[in-house]
Amino acid sequence: MSLLEMSFQGGVLILITALLRAGMKNRLPRSTFFALWMVVVARLLLPVSLPSACSAYTAAEQSPVLRENLAPMLRTVSAAGVPSGRDAASPWAVLWAVGAIALALYFITGYLHFRQKYRFSLPVEDGFAMQWMLEHPLRRPVSLRQSDQLDTPLTYGILRPVILLPKKIDQAGAGQLSYILAHEMMHIRHFDTAWKLLSTMALCLHWFNPLVWLLCALLGRDLELLCDACVVQHFGESSKSSYAMTLIHMEERKSGLLPFGSYFSKTAIEERISAIMRAKKASIAAIVAATVLVVAIPTVFATSAAVSTQMLPEDVKMLQQFQFPGWESMSIAEFRERANILLDDPQTLKWYEEVNTDDQYYCLKDDDPMCKFLYDVLNEMSLLQWKAVDYGGAVTTDYPWFADQAVLEYFFTANVLDAERLTVSEYRAAVDGVYADIDPLLSDVERDLLANQDYMEGFLAEKLADIAEKWSRDSLRISISEYSYMPLTALEDGTDRSAIDGSVPGKRSDIDLNGYTESEEQRSSVERSDYVERRYPPATQADYDSLLRLKTADYSSMKLETFNRLLMDWADADYERMERVGSSTESGEVENANLTAEEKTFIALTVRMSGAENGMQVRSLHTGNPEEDPSFTGGDFVKQTAVDGKAAWSELYYQFSYHISDRAAVTVGERDRCVEGFLNAVQRFWEETPLEDLLRLSEAEVVSHLQELAAQNSTQNVAISTDSDRIYFESMNEQEWKLD
């Protein structure tokens with residue numbers, strides 16, 4: 001739980017307790033408010049989350065109206081928590097730290113000044129006072145001292161408390177002195193000095209929250225009022241008038257702020273006298289009401305929203321280890337480092353590998369918070385090691401009486417540029433924000449324009465570029481890597497379109513155009529498909545056979561312009577067939593198809609690259625922007641070993657692109673040889689380089705080597721390129737190897 005989450009919940013509790021106090025302070029026992037203030041202080045100081053089904057925040061999560069209005073604010077509170085680890089140098093964190101330290105120094109200086117001022121106090125010699133103390137002992141040793149440096153009694157100290165009386169206190173009568181001593185002993189019995197110390201600590205941490213300042217003021221008053229009530233109860237109601245006169249006679253002359261001591265008369269005298277004169281024995285109804293409030297208010301407002309999950313309890317317990325205090329405001333680098341420390345434990349790693357094979361959990365990740373944390377946070381933050389991460393989804397309209405709905409399919413890449421600065425919540429907010437901004441794109445367009453392919457291509461290109469720019473920052477780059485749009489198509493003339501006016505525009509769903517039908521429940525929900533999720537069924541043998549007709553005897557000698565046009569004609573002839581083959585290629589299922597090795601290479605390499613080139617060309621034609629070079633993920637390699645529980649490993653992930661000078665002049669074979677040669681060269685480099693040698697390399701050296709391999713496998717017509725932003729290399733060596 002972040003500091004701002006603690007401050008938010010604590011502020012709500014303070015506000016509710018203050019309102020209750022204003023309306024019921026003369027009707028409820030004084031201990032009611034003392035108990036509630038203890039809960040508030042604990043909420044402000046303890047960074048623990050206590051999920052409860054009875055929490056007000058659970059109700060807010062379950063209410064569609066409240067969730068829609070409060071969720072953005074609560075996410076902001078969570079994301080804006082005081083950064084931890086390497087993010088602690090942010091401007092807001094520095095401002096908070098300066099304020100907290102300055103306030104703490106102020107209080108500490110005041111306390112040290114107080115101790116210096118009263119360090120020469122003397123033991124009380126008054127016989128009545130000494131006898132009173134002997135008749136009212138405590139388990140803790142209590143010192144009774146006096147000083148000519150103060151005008152009103154006070155108490156300080158926790159383990160060895162001291163009652164400090166003014167020098168002239170012996171001029172007070174025995175009755176007044178007994179009231180004063182009884183009052184101060186009540187402070188000691190209730191550990192009021194400790195509660196003032198804790199409230200002061202809370203104020204230093206939450207100095208930016210005005211409600212915490214209100215807490216300190218009201219807590220001090222209620223401590224005095226509770227002691228007054230206890231004194232009256234001890235001496236009987238007949239003592240009200242004389243005790244009130246004692247307060248008036250002993251009204252202090254304030255001499256500075258002392259947060260760690262309890263003054264006999266520190267709060268407003270008028271309020272205390274009024275409370276004393278109204279004091280009466282609490283009724284059973286008042287006691288019951290106070291008990292209910294003391295239990296109900298913390299249960300409802302000091303707890304967090306209940307985590308509703310279908311995970312097994314043992315899996316939840318294991319997963320909660322990774323929900324470090326303030327994990328949302330941690331930098332990605334820190335979260336990853338702490339998560340990997342836990343994953344170094346063999347039992348935890350075994351559990352982690354097993355839980356990731358649970359398909360049921362994966363299916364629940366969009367609705368179950370614990371499953372979402374597993375897949376969207378822990379998996380991405382710890383295992384992907386912060387490469388560029390690909391996501392994807394689709395948006396479709398839902399107009400009755402239209403032959404084909406408008407469909408926008410898209411893929412975007414989140415590339416972490418600085419894991420030391422980017423926080424977990426910022427990353428997730430950016431990814432979720434892209435989805436949220438793309439969701440309504442089609443619903444914001446009139447039906448006639450949805451059928452206009454040219455207009456929509458320009459509209460979507462502009463909107464998607466704006467969305468990518470909106471969610472990018474210095475530490476994170478969002479790029480819409482690919483998208484396709486299928487326009488709205490009306491039925492033949494003469495079809496009844498009376499239902500069109502009642503249609504529901506625009507929603508996002510997982511698209512399967514191969515006979516896919518949605519239930520009414522599915523139609524009412526908005527679903528997101530991640531890049532790795534299946535959107536189409538596996539390709540059939542007939543699909544592969546139709547594609548392999550392009551693999552003629554001389555296809556490698558064809559000019560790229562010719563071959564790419566043939567491939568585009570094949571794709572246009574059957575859109576679903578193209579997507580089935582593409583999905584099977586991306587998932588690696590093509591390797592299990594009934595094909596020869598040469599045919600598999602043709603589909604996975606030749607067709608994939610030409611398809612990407614066609615996509616770049618189509619996008620350029622529709623947007624009017626210069627055609628971009630296609631970009632691919634080259635591979636993700638890991639080499640590791642472990643001896644006596646000590647691990648050593650290296651990991652390489654890279655992306656590359658290539659530029660074709662002239663498709664009318666370059667053959668398919670030349671392009672394929674260049675790209676395949678580069679891929680094989682990187683593969684050989686990784687496989688043939690011993691782990692000991694890899695551990696010696698820096699990321700800059702690996703980048704330089706891969707760039708050399710790219711240059712070696714390029715020609716005058718085909719230029720392969722990669723750069724440091726698209727290469728990730730990391731090593732770790734826990735073993736005592738001597739590396740030169």
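Below, each value reflects all heavy atoms present in this structure, side chains not excepted, and no hydrogens, waters or symmetry copies.
A 6.0 Å sphere centred on NZ of Lys639 holds more than 12 heavy atoms belonging to other residues, nucleotides or ligands. Within 6.0 Å of CD on Glu469 lie no more than 12 heavy atoms contributed by other residues, nucleotides or ligands. In this structure, Glu314 places its CD atom where more than 12 heavy-atom neighbours from other residues, nucleotides or ligands lie under 6.0 Å away. For Asp444, the CG atom counts as densely surrounded, since its 6.0 Å shell holds more than 12 non-hydrogen atoms of other residues, nucleotides or ligands.
Residue Phe373 is tested with Trp327, Phe324, Phe322 for a ring pair (Phe, Tyr, Trp, His ring centres under 6.0 Å); the sole match is Trp327.
Of all heavy-atom pairs spanning Trp96 and Leu205, the tightest one is NE1-O, 2.8 Å. Considering every non-hydrogen atom in both Tyr544 and Ala593, the closest pair reads CE1-CB, 3.6 Å. Pairing each heavy atom of Leu442 with each of Val395, the nearest pair is CD1-O, 3.6 Å. Closest non-hydrogen pair, Tyr483 versus Ala461, comes out as OH-CB, 3.5 Å. Minimum interatomic distance between Gly10 and Val40 (heavy atoms only, all atoms of both residues): O-CG1, 4.2 Å. Shortest non-hydrogen contact noted between Leu695 and Ser650 is CD2-OG, 3.7 Å.
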Is there a side chain to side chain contact (heavy atoms under 4.5 Å, CB included) between Met616 and Asp629 once you walk through the steps?
CA-CA 7 Å; Met616 295 296 103; Asp629 294 328; over 6 Å; no
Run the numbers on Tyr410 and Tyr435 for side chain to side chain contact (heavy atoms under 4.5 Å, CB included), then give the verdict.
CA-CA 10 Å; Tyr410 60 91; Tyr435 280 115; 3.0 Å; yes
Can Gln683 and Glu687 be said to form a side chain to side chain donor-acceptor pair (under 3.5 Å), step by step?
CA-CA 6 Å; Gln683 181 83 25; Glu687 292 177 351; 2.5 Å; yes
Derivation and outcome, side chain to side chain contact (heavy atoms under 4.5 Å, CB included), residues Phe656 and Ile727:
CA-CA 9 Å; Phe656 71 98; Ile727 296 176; over 6 Å; no
For Asn415 and Ile478: C-alpha separation, side-chain torsions, deciding distance, then whether side chain to side chain contact (heavy atoms under 4.5 Å, CB included) applies.
CA-CA 6 Å; Asn415 192 350; Ile478 299 292; over 6 Å; no
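Rounding to the nearest 0.5 angstrom, the gap separating the CE atom in Met370 from the NZ atom in Lys372 is 13.5 Å. Distance OG/Ser731 to CH2/Trp649: 7.0 Å, rounded to 0.5 Å. Atom CG of residue Leu312 and atom CG of residue Leu319 lie 12.0 Å apart, to the nearest 0.5 angstrom. Note: Leu422 CG to Tyr427 OH = 8.5 Å, rounded to the nearest 0.5 Å. Between Asp344 atom CG and Asn340 atom CG the span is 7.0 Å, to the nearest 0.5 Å. To the nearest 0.5 Å, atom CD of residue Glu482 and atom CD1 of residue Ile480 are 11.5 Å apart.
Judged purely by atom type and a 3.5 angstrom limit, Glu701 uses its side chain to pair as donor or acceptor with the backbone of Ser698. Arg43 places no side-chain N or O within donor-acceptor distance of the main-chain N or O of Met6, the cut-off being under 3.5 Å. Of the possible donor and acceptor atoms, one in the side chain of Thr299 sits under 3.5 Å from a partner among the backbone N and O of Val295. Under a 3.5 Å cut-off, the side chain of Glu354 and the backbone N or O of Trp351 do not form any donor-acceptor pair. Between the side chain of Glu699 and the main chain of Phe729, a donor-acceptor pair closer than 3.5 Å is present. Judged by distance alone, the side chain of Ser329 and the main-chain N or O of Gly326 form a donor-acceptor pair under 3.5 Å.
A heavy-atom distance below 4.5 Å is found between the side chains of Leu694 and Trp686. For the pair Leu13 and Ile16, the minimum side-chain heavy-atom distance is 4.5 Å or more. The shortest side-chain heavy-atom distance between Val407 and Glu409 falls under the 4.5 Å cut-off. Counting heavy atoms from C-beta on, the side chains of Val431 and Phe412 come closer than 4.5 Å. A heavy-atom distance below 4.5 Å is not found between the side chains of Val703 and Tyr654. No side-chain heavy atom of His705 sits less than 4.5 Å from a side-chain heavy atom of Val682. Proximity of Met330 to Thr423: side-chain heavy atoms (C-beta onward) are nowhere separated by under 4.5 Å. In this structure, the side chains of Pro630 and Met609 stay at 4.5 Å or more apart for every pair of heavy atoms.
Salt-bridge formation is not detected for the pair Asp466/Lys463: no Lys NZ or Arg NE/NH1/NH2 atom is positioned less than 4.0 Å from an Asp or Glu carboxylate oxygen. Between Arg577 and Asp543 there is no salt bridge, since no side-chain N of the basic residue sits under 4.0 Å from a carboxylate O of the acidic one. Remark: Glu426 engages Arg473 in a salt bridge, criterion side-chain N to carboxylate O under 4.0 Å.
Residues meeting the side-chain hydrogen bond (donor to acceptor under 3.5 Å, both in side chains) test with Asn209, sequence neighbours left out: Ser7. In this structure Asp723 satisfies the salt bridge (charged side-chain N to carboxylate O under 4.0 Å, His left out) test together with Arg726, sequence neighbours excluded.
Taking the six-membered ring for Trp, Phe678 and Phe632 have ring centres at least 6.0 Å apart.
Between Phe208 and His206, the angle of the ring planes lies from 30° to 60°, which puts this pair in the tilted group.
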